[in-house]
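First up is the structure itself, then whatever we jot down about it.
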Amino acid sequence: PCVVGEWSHWSGCAEQCQPNLRIRRRYVQQEPKNGGEPCPALEEKAGCLEYLTYKGEDCGHEHVPAFITTSEYGKERKRRAASSLWPSDEEAGYCVEFKTESLSHHCALENRPYARWMQYLREGHVVCVACQPPAMNTDTHRCSGDGHNADGGKILHWEAVGNSQCQGTWKKIRQLERCSCPLVHSFIFT
């Protein structure tokens, strides 16, 4: 059978300050002979984001990933978070529509009961993400990673809470008062 070496260390991010790709490789140590097992993949790619420039300067926080979870959790959170900082009505917050660009295969593999919602994430779908207390910053009234200053063409990064390997990129479509996506495509910032 084919024999391959260990994976190399991951390369650095291809570009600083914006979501991009890193790569790792392994090499064939023995080619398969006489119909032996073929060689597995020799290269892997993964999303990455560097927060410092090559000179060590901070990139700023506009590319902080959006941490998301299922909107079902938002209903439970509302019941528990009767905080005096926020009006008790349901109206505090806003919704952002994104179009998913890419996601890791780890989302589709998730089958733990509390994390099955990740299986519904698909490339090219429009998703709605609600920003509500307590995820909302009390000073700015925004959620981290909501793409506030991003135009529609900018690729932004997201990550699923509960499985850091379920992550990907999306582009902001618009901000709304209320979410209008079906439940399986509705999420909340955490």
To the closest 0.5 Å, what do you measure between [atom1] ([X]) and [atom2] ([Y])?
X	Y	atom1	atom2	value
R25	S8	CZ	OG	7.5 Å
H185	T100	NE2	OG1	9.0 Å
E123	W170	CD	CH2	14.0 Å
C179	Y94	SG	OH	11.0 Å
Q132	I188	CD	CD1	6.0 Å

Practice task
Evaluate whether the separation between SG of C143 and SG of C131 stays below 2.5 angstrom.
Solution key: yes
Exercise for the section: Report yes if the SG atoms of C128 and C95 are separated by under 2.5 Å, and no otherwise. Expected result: no
Problem - Residue pair S102 / T169, side-chain donor-acceptor N/O under 3.5 Å - result: yes
Exercise for the section: Check the surroundings of atom CD in E6: do more than 12 heavy atoms from other residues, nucleotides or ligands lie under 6.0 Å from it? Expected result: no
Practice task
Output all residues satisfying salt bridge (Lys or Arg N to Asp or Glu O under 4.0 Å) with E159, sequence neighbours left out; order by chain, then residue number.
Solution key: none
Handout entry: Sequence-distant partners of R142, salt bridge (Lys or Arg N to Asp or Glu O under 4.0 Å), two or more places apart
Key = D146
Would you call [X] and [Y] a side-chain contact if the rule is heavy atoms closer than 4.5 Å?
X	Y	result
P32	C39	yes
S71	L183	yes
E44	W7	yes
Q119	N111	yes
F98	I173	no
V161	I68	no
K172	R174	no
P40	R26	yes

Handout entry: Over all atoms of both residues, closest heavy-atom pair of L121 and C166
Key = CD1-SG, 3.9 Å
Practice task
For F189 and G145, work out which heavy atoms get closest and say how close.
Solution key: CE2-O, 3.9 Å
Fill in the blank from the handout: Residues joined to V28 in its hydrophobic cluster, side chain to side chain under 4.5 Å directly or through other members, sorted by chain and number, are V4, L42
Handout entry: Any donor-acceptor N/O pair, T70 side chain to W117 backbone, under 3.5 Å
Key = no
Exercise for the section: Look at the side chain of T190 and the backbone N and O of T69, then say whether any donor-acceptor pair between them is shorter than 3.5 Å. Expected result: no
Handout entry: S186 and V127: CA distance, side-chain angles, deciding distance, side-chain contact (heavy atoms from CB on, under 4.5 Å) verdict
Key = CA-CA 6 Å; S186 294; V127 297; over 6 Å; no
Exercise for the section: Would you sort out whether W158 and F187 count as a ring pair (Phe, Tyr, Trp, His ring centres under 6.0 Å), showing the intermediate values? Expected result: CA-CA 11 Å; W158 59 265; F187 307 99; 8.1 Å; no
Handout entry: R24 vs E43, side-chain contact (heavy atoms from CB on, under 4.5 Å): CA-CA, chis, key distance, verdict
Key = CA-CA 6 Å; R24 69 179 185 167; E43 186 176 274; over 6 Å; no
Practice task
Determine, step by step, whether I155 and K171 satisfy the side-chain contact (heavy atoms from CB on, under 4.5 Å) criterion, reporting the C-alpha distance in whole Å, the side-chain angles of both residues, the deciding distance to 0.1 Å, and the verdict.
Solution key: CA-CA 5 Å; I155 292 179; K171 289 182 180 175; 3.7 Å; yes
Exercise for the section: Assess whether salt bridge (Lys or Arg N to Asp or Glu O under 4.0 Å) is satisfied between R112 and E110, documenting all intermediate values. Expected result: CA-CA 6 Å; R112 292 174 292 176; E110 185 57 78; 2.8 Å; yes
Handout entry: Check against side-chain contact (heavy atoms from CB on, under 4.5 Å), C2 and E37
Key = CA-CA 6 Å; C2 177; E37 192 82 20; 5.6 Å; no
Problem - N-O pairing of K33 and E31 below 4.0 Å - result: no
